[in-house]
Number of protein chains: 2
Amino acid sequence: MSNRLKSAPAVSRTQILAEFVRDYLPGARADVAAGELGHIALPMRVAGGRTITTDRTSNAFVYLASGATKLIAKASNGREQIVAFHFAGELVSVPGKSCHSYNLAALVDCDALTMPADELLAIARGDPDFLETLLQNTIGALHRCRDKAVGLGRKNAQERLADFLVGMAMRIGQDQEGACLINLPMSRRDVGDSLGLTIETISRQFGELRELGLVKTAGRSQVFLPDIAGLRNLAGYI
Amino acid sequence: MSNRLKSAPAVSRTQILAEFVRDYLPGARADVAAGELGHIALPMRVAGGRTITTDRTSNAFVYLASGATKLIAKASNGREQIVAFHFAGELVSVPGKSCHSYNLAALVDCDALTMPADELLAIARGDPDFLETLLQNTIGALHRCRDKAVGLGRKNAQERLADFLVGMAMRIGQDQEGACLINLPMSRRDVGDSLGLTIETISRQFGELRELGLVKTAGRSQVFLPDIAGLRNLAGYI
DNA sequence: GGCAGTCATTGATCCAGATCAACGAGTATA
DNA sequence: TATACTCGTTGATCTGGATCAATGACTGCC
């Protein structure tokens with residue numbers, strides 16, 4: 001799992017494309033797929049903190065060869081809601097025109113491949129396997145977003161943080177037989193912006209979970225979870 | 001638009017299937033498509049208030065030939081969050097195994113067609129047009145869910161209700177040159193469960209919007225919006 | 001058309017988390 | 001290794017929406 005956070009530079013731009021083909025078009029001959037995708041896919045290396053730019057006028061897909069990102073929605077008054085985090089190997093669906101303005105920002109140095117959604121779909125029409133992978137991927141994102149909506153609409157601060165930590169443990173944690181070590185690539189502010197809470201509330205809830213013996217922290221990013229099952233109980237799942 | 005809320009009975013179960021084919025597989029020969037789908041698709045008529053049952057062990061799709069539904073997530077302590085409303089002609093993606101338990105409930109009498117997701121996808125692999133339609137549909141649902149997450153995470157009660165009413169106006173409203181008449185098929189409780197608020201707060205915010213001249217109500221379900229643009233301004237969009 | 005039951009509204013009070021404020025701990029730069 | 005600066009923690013106070021409570025208005029059923 002530790003490679004999910006790899007931030008070592010991919011050697012070249014063509015290699016980013018090749019990794020995407022390997023991950024999402026395993027049946028395709030690499031040269032053929034790369035040829036078609038090469039015209040619409042823009043590979044890029046993005047420094048942590050910068051925005052991964054996509055055409056804002058329509059939907060886009062971004063493949064993440066390495067690194068970690070946050071997908072941010074902006075509402076009025078500068079309020080920000082992080083709607084999803086993504087890690088190496090994942091494909092992100094970035095909304096274009098919508099009620100809110102969406103941005104994909106790099107949490108650490110990233111290698112990314114941006115593609116306009118309609119052009120990617122035009123290519124995918126020729127490859128049912130790929131189309132189905134895209135669909136399965138999108139269904140997964142939809143269901144994660146719905147689970148998130150439950151938290152934002154109906155859970156208290158402690159449940160939200162427990163939920164977040166369990167989710168991160170599963171996605172980027174180093175499993176240690178029921179326990180787990182996580183190296184969070186995002187700040188407390190990011191956690192707050194993701195859970196609809198303030199930075200102060202996040203800090204206090206970390207304190208509570210620490211007192212409950214469910215969390216140990218070291219420095220700003222190291223989090224150790226000695227009892228994943230216990231955290232799950234707190235998370236308000238049914 | 002008024003047919004989006006049609007609740008007159010569809011004549012037969014085969015007709016529900018035929019409507020799905022017409023809406024989502026326009027290129028397919030109806031008899032061929034119906035033959036394949038016939039083995040996996042379960043047509044049903046469901047009375048308002050009842051649950052549209054799907055196999056809970058895996059994801060499902062539900063096509064709504066007529067009526068209106070709410071997709072409910074249950075968290076612990078009986079807390080409920082409505083993650084989406086759906087109307088006639090729409091295809092709903094219902095999560096199976098997840099952190100929360102999901103149910104699709106009929107708001108009014110519905111004609112529905114339930115299909116296991118993996119079996120539907122197996123059929124769709126033979127038809128790129130259909131697969132692409134499913135994907136576009138799911139991307140749309142994902143982006144609506146993200147916009148909803150922004151509201152749940154970062155907006156106050158008034159913005160949430162304004163947002164909700166604008167959304168309903170676009171989906172089931174009868175447009176009247178900048179104004180709009182809506183016949184809400186859901187209760188105040190449902191509106192609250194969708195916006196992460198209580199029934200009392202919904203009621204108070206309806207009062208506020210009424211005083212602002214942005215909403216007129218008649219009975220429990222009739223809502224008139226004289227100034228959609230004004231509501232949009234309140235909704236906290238960027 | 002009267003009655004029952006559910007749903008919506010309104011008012012009073014409470015509380016979880018926001019906001020405001022100050023301080024401490026990491027991290028980066030010279 | 002000192003310095004500056006951002007990030008995280010902790011405390012005091014405030015507030016929007018929840019909760020508790022009571023009343024009023026539809027809707028459906030005899």
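What you see is a predicted model; the values in this text were computed from it and never measured. In the text below, chain A, chain B and the rest are named by the order of the sequence lines, each starting its count at 1.
- Within residues 198-220 of chain B, the residues approached by DNA chain D to less than 4.0 Å at the level of any non-hydrogen atom are Thr198(B), Glu200(B), Thr201(B), Arg204(B), Arg220(B), in residue-number order.
- More than 12 heavy atoms of other residues, nucleotides or ligands lie within 6.0 Å of CZ in Arg79(A), so this atom counts as buried by the packing criterion.
- The residue Gly192(B) sits apart from the nucleic acid: no heavy atom pair falls under 4.0 Å.
- Rounding to the nearest 0.5 angstrom, the gap separating the SG atom in Cys110(B) from the CG atom in Leu104(B) is 8.0 Å.
- Put simply, CG on Leu184(B) is 10 Å from P on dA8(C), counting in whole angstrom units.
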Test side chain to side chain contact (heavy atoms under 4.5 Å, CB included) on Gln158(B) and Gln205(B); report intermediate values, then the result. CA-CA 6 Å; Gln158(B) 187 165 86; Gln205(B) 290 305 326; 3.3 Å; yes
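- With sequence neighbours excluded, no residue forms a side chain to side chain donor-acceptor pair (under 3.5 Å) with Thr51(A).
- Atom CZ in Arg188(A) sits about 15 Å away from atom P in dA25(C), given to the nearest Å.
- Atom-to-atom, CZ of Arg79(B) to P of dA16(C) comes out at 13 Å; the value is rounded to the nearest Å.
- Leu195(A) places its CG atom 15 Å from the C1' atom of dA16(C), with the value rounded to the nearest Å.
- Comparing Arg189(B) and Arg160(A) by the nucleotide of DNA chain C that holds the closest heavy atom to each, the one mapping nearer the 5' end is Arg189(B).
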Only pairs under 3.5 Å count here: list side-chain donor-acceptor contacts from residues 231-238 of chain B, not counting sequence neighbours, and write none if there are none.
unit_1, atom_1, unit_2, atom_2, d
Tyr237(B), OH, Asp163(B), OD1, 2.7

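- Distance check, rounded to the nearest 0.5 Å: CZ of Arg146(A) to OG of Ser98(B) gives 10.0 Å.
- The nearest whole Å value for the distance from the CG atom in Leu197(B) to the P atom in dA8(C) is 15 Å.
- Each ring-ring contact (aromatic ring centres under 6.0 Å, His included) pair with one or both residues in residues 162-198 of chain A, not counting sequence neighbours, would appear here, but there are none.
- A cation-pi arrangement is present between Arg188(B) and Phe206(B), with the terminal nitrogen or guanidinium carbon under 6.0 Å from the aromatic centre and inside a 45° cone about the axis.
- Between atom CD of residue Gln174(B) and atom CG of residue Leu181(B) there is a gap of 5.0 Å, rounded to the nearest 0.5 Å.
- Asn59(B) CG to Met115(B) CE: the interatomic distance, rounded to the nearest 0.5 Å, is 13.0 Å.
- Residue Arg154(A) contributes atom CZ, which lies 16 Å from atom P of dA16(C) at whole-angstrom precision.
- Recorded end-axis angle for the helix from dG1(C)-dC30(D) to dA30(C)-dT1(D) stands at 50°, based on five pairs per end and rounded to 10 degrees.
- A nucleotide of DNA chain D counts as in contact with chain A when one of its atoms lies under 4.0 Å from a heavy atom; the first and last such, 5' to 3', are dT6(D) to dA12(D).
- Enclosure of atom CZ in Arg50(B) is not indicated, since only 12 or fewer non-hydrogen atoms of other residues, nucleotides or ligands lie within 6.0 angstrom.
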